Trainee: 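Quick one: the structure is below, questions incoming.
Residue numbering restarts at 1 for every chain, and letters A, B, ... go by the order of the sequence lines. Both backbone and side-chain heavy atoms feed into the values below; hydrogens, waters and symmetry mates do not. Nothing here was measured: the structure is a model prediction, and the numbers come from that model.
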There are 2 protein chains.
Amino acid sequence: MDIEKPWGEGDVGKYIGINLRQFRVNKGISIDVLAKQIGVSKLTVLNIERGEANPTLSVIWKIANGLKIPITALLSIESDVSISRKKDGMKLISSNDVFVAEPLFRSHGLIELYRGYLQPRGEYLSEAHQLGVMEFVTVMSGQLTVEVDGEAHHLDDYDSIRFKGDRPHKYANPSSSLTMLHFVISYNNL
Amino acid sequence: MDIEKPWGEGDVGKYIGINLRQFRVNKGISIDVLAKQIGVSKLTVLNIERGEANPTLSVIWKIANGLKIPITALLSIESDVSISRKKDGMKLISSNDVFVAEPLFRSHGLIELYRGYLQPRGEYLSEAHQLGVMEFVTVMSGQLTVEVDGEAHHLDDYDSIRFKGDRPHKYANPSSSLTMLHFVISYNNL
DNA sequence: TGAATTGGTATATTAAATTTTACTTTTTTC
DNA sequence: GAAAAAAGTAAAATTTAATATACCAATTCA
């Protein structure tokens, strides 16, 4: 009795299954126990774990809630270890771009990391990002002024700021030396 | 004709509704158009937006897919702007802890940011975190050696590393000066 | 003002998720 | 190797998500 999979390549159903099983086995409890614990039928859990199901939001919530994990933790995939090194002797000094951001990691479209360089006295205006984006900026060295919602915030080295990225915001380097930044863009937030 | 809400306080259904409407209105398209575009009935979209629905995973996927947003972006909430400053003249030097991590931001349990200090010649062994955790470490200043899965990786300043946090890993500062680190812990990944 | 669009309501129908029960097979454990 | 627990199968019953259609009120717009 094959089941129609309404979704395309992504196969969310398959992943939620893999993830759920991983979490459950990790906790060392059986399907039956989990099912009773969270108040759904054993068969439902079984089918979900096998990727042969199309669970309702309420069921998904019950599972996430019962396992005490964020609901979103059931819906993704990811890989292993990777390193991103600062390209030594980069075109930093050569570049006449005021602002440069080089991508470090991209994690399944949910989170992105960048390394940023802002020239002395440089300014950069960022358009509003997609709705639901949260931005985390950390000053690795130098100084930074962030202007968002009409307010300016000054940061020294090792300071961090967080703000909703779905509005225009401006970065400025008020100092006379290069500012090195660290960006985290998170797409999960609303 | 009131509808039973199977979930508790969390009210995921309400949030997915708010979020969906936000995305849709933001795109400037009507319910009917969206519905046809993604291949679900108008009434379904309407009910979801009003929080009076219990959509199936396939429908949730269709919506996220149709709007070209990560499926998880439909299921959360978040707030505004906040800054975390390095406490000047901290107990860094005074502290005889080899490793100190101070929390910067916590974003709805999905992502956490830390600032870390690792003393010269210091070593710190981190237990395996919860399953599905991805860790991003950036060297803001100094040097760092990360050992994960039996392999050691050496990082200089401004280098970054990413690895699955669900296994034990060791941080070491091979240099004779303080190492300043930046941690991102992401819980969405698997 | 009048037509068209949009959000929302009402109802009946269809498709399918979830439950229940019982039974089989595999794996674990003593 | 027998007992017990866990995973998986089968089928029928129940519940409910999703669709389809028509209709209403408010808003937009030409």
Trainee: For B:Ser41, what residues pass the side-chain contact (heavy atoms from CB on, under 4.5 Å) criterion, not counting sequence neighbours?
Mentor: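 B:Ser41 satisfies side-chain contact (heavy atoms from CB on, under 4.5 Å) with B:Leu43, B:Thr44 once adjacent residues are dropped.
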Trainee: Rounding to a whole Å, what distance do you find between A:Ile31:CD1 and D:dA7:P?
Mentor: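 About 5 Å, once rounded to whole Å.
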Trainee: Calculate the interatomic distance between A:Leu57 atom CG and C:dA17 atom P; express it in whole Å.
Mentor: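 Atom-to-atom, A:Leu57 to C:dA17, this comes out as 15 Å.
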Trainee: Just the rounded figure in Å: distance from P of C:dT5 to CZ of B:Arg24.
Mentor: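 It is 16 Å, rounded to the nearest whole Å.
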Trainee: Between C:dG7 atom C1' and B:Leu20 atom CG, what is the distance in whole Å?
Mentor: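 Computing the B:Leu20:CG to C:dG7:C1' distance gives 14 Å.
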Trainee: For A:Lys170, check salt bridge (Lys or Arg N to Asp or Glu O under 4.0 Å) against everything at least two apart and list the hits.
Mentor: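 Once residues adjacent in sequence are excluded, the partners of A:Lys170 under the salt bridge (Lys or Arg N to Asp or Glu O under 4.0 Å) criterion are A:Glu123, A:Glu147.
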Trainee: Figure out the CD/P separation between A:Glu52 and C:dA16, and round it to whole Å.
Mentor: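 Result: 16 Å.
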Trainee: Walk me through whether A:Val40 and A:Ile48 qualify under side chain to side chain contact (heavy atoms under 4.5 Å, CB included).
Mentor: CA-CA 11 Å; A:Val40 301; A:Ile48 293 176; over 6 Å; no
Trainee: Output all residues satisfying side-chain contact (heavy atoms from CB on, under 4.5 Å) with A:Val25, sequence neighbours left out; order by chain, then residue number.
Mentor: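 A:Val25: side-chain contact (heavy atoms from CB on, under 4.5 Å) contacts with A:Arg21.
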Trainee: Which residues pass the salt bridge (Lys or Arg N to Asp or Glu O under 4.0 Å) test with B:Glu135, sequence neighbours left out?
Mentor: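 Counting only residues at least two positions away or on another chain, B:Glu135 forms no salt bridge (Lys or Arg N to Asp or Glu O under 4.0 Å).
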Trainee: Under 4.0 Å between a side-chain N/O of A:Arg21 and OP1 or OP2 of D:dA6, yes or no?
Mentor: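 A:Arg21 to D:dA6 OP1/OP2: no side-chain N or O under 4.0 Å.
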Trainee: Whole-Å distance between D:dA7 P and A:Glu49 CD?
Mentor: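 So the two atoms are 8 Å apart, to the nearest Å.
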Trainee: Do B:Leu118 and B:Leu125 belong to the same hydrophobic cluster, where Ile, Leu, Val, Met, Phe, Trp and Tyr are linked whenever their side-chain heavy atoms lie under 4.5 Å apart, directly or via other members?
Mentor: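 Shared cluster, no.
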Trainee: How many Å lie between CZ on B:Arg50 and P on C:dG7, as a whole number?
Mentor: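 For the pair B:Arg50 CZ and C:dG7 P, the rounded distance is 12 Å.
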Trainee: For DNA chain C, whose closest nucleotide is more 5', that of B:Val33 or that of B:Leu46?
Mentor: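 Result: B:Val33.
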Trainee: So which protein nitrogen or oxygen atoms get under 3.5 Å of nucleotides 26-30 of chain D's nitrogens or oxygens?
Mentor:
none

Trainee: What residues form a salt bridge (Lys or Arg N to Asp or Glu O under 4.0 Å) with A:Arg50, not counting sequence neighbours?
Mentor: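 A:Glu52.
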Trainee: List in chain and number order the residues that pass ring pair (Phe, Tyr, Trp, His ring centres under 6.0 Å) with B:Tyr124, two or more places apart in sequence or in another chain; answer none if no residue qualifies.
Mentor: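 Partners of B:Tyr124 by the ring pair (Phe, Tyr, Trp, His ring centres under 6.0 Å) criterion, ordered by chain and then number, come out as B:Phe99.
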Trainee: Suppose we screen for side-chain contact (heavy atoms from CB on, under 4.5 Å). Which residues come up paired with B:Ser177, at least two apart in sequence or across chains?
Mentor: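 B:Ser177: side-chain contact (heavy atoms from CB on, under 4.5 Å) contacts with B:Ser175.
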Trainee: What is the distance, to the nearest angstrom, from the CG atom on B:Leu34 to the C1' atom on C:dG7?
Mentor: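 For the pair B:Leu34 CG and C:dG7 C1', the rounded distance is 14 Å.
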Trainee: Can you tabulate the close N/O pairs, meaning under 3.5 Å, that link protein atoms to atoms of nucleotides 19-27 of chain C?
Mentor:
| from | atom 1 | to | atom 2 | distance (Å) |
| --- | --- | --- | --- | --- |
| C:dT19 | OP2 | A:Ser41 | N | 2.7 |
| C:dT19 | OP2 | A:Ser41 | OG | 3.0 |
| C:dT19 | OP2 | A:Thr44 | OG1 | 2.7 |

